[in-house]
J.: 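Provided herewith is a single structure, encoded as structure tokens, for subsequent inquiry.
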Amino acid sequence: MRAELREQVTTIIASIPAGRVTTYGRIAKMTEGATARSVGAVLRTLPEGHRLPWFRVVAAGGRLADHEGASEQRRLLAAEGVVFDERGRIPAHCFWPE
DNA sequence: TACGTGACGGATG
DNA sequence: GCATCCGCCACGT
């Protein structure tokens, strides 16, 4: 079940369009069986050679999760055209699915 | 097998 | 709006 769950999570993340983001909570809902924390656990344990756009996964409210690669994540998102407001949050119209 | 940890989220004060 | 607290459950040791 957990292998299947990770597959669902990775599939969902792989289908996020460039320039858009989604949240841990949304992914958890889509998989129906995962929690936001478990989605984070999956992302943390991705194999090295993965091609997943992990940086398109953000915390609730359009904030960046507090983790080691957060600054890089912000840079990668900005490179894709994702905008941040003055408080460092991503506006709702950048979310996926809309 | 059991237990502690944590890339979260929602409720509460 | 910010600071805490607590529930959630997959992971790694």
Side-chain angles (χ1 to χ4, degrees):
Chain A
M1 185 210 254
R2 297 177 291 301
E4 196 174 312
L5 184 59
R6 290 198 348 180
E7 188 178 343
Q8 289 183 52
V9 170
T10 55
T11 299
I12 291 170
I13 295 176
S15 61
I16 304 174
R20 293 292 185 85
V21 299
T22 194
T23 67
Y24 294 91
R26 275 222 176 115
I27 294 173
K29 261 198 213 167
M30 293 183 203
T31 57
E32 288 196 29
T35 63
R37 282 189 91 97
S38 60
V39 173
V42 171
L43 282 194
R44 213 195 77 178
T45 60
L46 286 175
E48 297 222 1
H50 73 87
R51 293 163 208 170
L52 225 57
W54 58 270
F55 52 87
R56 292 178 190 149
V57 183
V58 302
R63 289 185 295 272
L64 290 187
D66 180 24
H67 66 104
E68 186 101 22
S71 58
E72 183 187 0
Q73 180 175 17
R74 177 169 178 142
R75 182 173 56 75
L76 290 168
L77 287 177
E80 283 192 340
V82 175
V83 297
F84 293 82
D85 63 18
E86 59 282 350
R87 294 185 210 129
R89 305 190 343 184
I90 300 169
H93 71 271
C94 291
F95 281 46
W96 177 88
E98 3 207 0

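All heavy atoms count here, side chains included; hydrogens, waters and symmetry mates do not. Throughout, protein chains are lettered first and strands after them, A, B, ... in sequence-line order, and every chain is numbered starting at 1.
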J.: Please report, rounded to the nearest Å, how far the C1' atom of B/dA7 is from the CZ atom of A/R56.
T.: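 Those two atoms, CZ and C1', are 17 Å apart.
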J.: For the pair made of CD in A/E86 and C1' in C/dG1, what is the distance, rounded to whole Å?
T.: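 Going from A/E86 (CD) to C/dG1 (C1'), I get 14 Å.
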J.: Name the residue closer to the 5' end of DNA chain B, choosing between A/A60 and A/T35 according to the nucleotide with the nearest heavy atom.
T.: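 Its nearest nucleotide being more 5', the pick is A/T35.
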J.: I need the CZ-P distance between A/R37 and B/dG10, as an integer number of Å.
T.: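 Going from A/R37 (CZ) to B/dG10 (P), I get 14 Å.
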J.: The side chain of A/A59 lies closest to which of these nucleotides: B/dG9, C/dA10, B/dA7?
T.: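 Selected nucleotide (nearest to the side chain): B/dG9.
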J.: Would a 4.5 Å heavy-atom cut-off, applied to side chains only, mark A/V42 and A/W54 as touching?
T.: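 Not in contact.
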J.: Check every strand shown and say whether A/G33 touches a base, only sugar-phosphate, or nothing at a heavy-atom separation below 4.0 Å.
T.: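 Since only primed, P, OP1 and OP2 atoms lie under 4.0 Å of A/G33, the category is sugar-phosphate.
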J.: Find the distance between CZ (A/R20) and CD (A/E98) and round it off to the nearest 0.5 Å.
T.: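 Taking CZ in A/R20 and CD in A/E98, the distance rounds to 5.5 Å.
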J.: Are side-chain heavy atoms of A/R56 and A/V82 found at a separation under 4.5 Å?
T.: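 They are not in side-chain contact.
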J.: Atom CH2 of A/W54 to atom P of B/dA7: distance rounded to whole Å?
T.: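 Taking atom P of B/dA7 as the reference, CH2 of A/W54 is at 13 Å.
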J.: Which nucleotide wins on minimum distance to the side chain of A/R44, given the candidates C/dG1, B/dG9, B/dG6?
T.: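 Nearest to the side-chain atoms of A/R44, counting from C-beta on, is B/dG6.
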J.: Tell me which nucleotide among C/dC11, C/dG1, B/dA7 gets nearest to the side chain of A/H67.
T.: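 Nucleotide nearest to A/H67's side chain: B/dA7.
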J.: Could you check whether any side-chain N or O of A/Q73 sits under 3.5 Å from a backbone N or O of A/V57, counting only pairs where one atom can act as donor and the other as acceptor?
T.: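 Yes, A/Q73 side chain to A/V57 backbone: donor-acceptor pair under 3.5 Å.
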J.: Give the rounded distance in Å between these two atoms: CZ of A/R26 and P of B/dA7.
T.: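 The answer, rounded to whole Å, is 23 Å.
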J.: On DNA chain C, check which nucleotide each of A/R87 and A/A41 is closest to and give me the residue with the more 5' one.
T.: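 In this pair, the answer is A/R87.
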J.: Which nucleotide sits closest to the side chain of A/A36: C/dC11, C/dA10, B/dC8?
T.: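 From the listed options, B/dC8 comes nearest.
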J.: I need the CZ-C1' distance between A/R63 and C/dC2, as an integer number of Å.
T.: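 The distance from CZ of A/R63 to C1' of C/dC2 comes to 10 Å, rounded to the nearest Å.
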J.: Can you tell me how far C1' of C/dC9 sits from CD of A/Q8, to the nearest Å?
T.: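 Distance, rounded to whole Å: 15 Å.
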J.: Starting at the 5' end of DNA chain C, which residue's closest nucleotide do you reach first, A/A34 or A/T45?
T.: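 Its nearest nucleotide lies further toward 5', so the answer is A/A34.
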J.: Donor-acceptor pair, A/S38 side chain versus A/A41 backbone, under 3.5 Å?
T.: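 Answer holds: no.
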J.: Would you classify A/V57 as touching base, sugar-phosphate or nothing, given that sugar-phosphate means primed atoms plus P, OP1 and OP2, and contacts are heavy atoms under 4.0 Å?
T.: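 Here A/V57 touches no strand at all.
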J.: Round to a whole Å and report the spacing from CG of A/L76 to P of B/dA7.
T.: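 To the nearest whole Å, that distance equals 19 Å.
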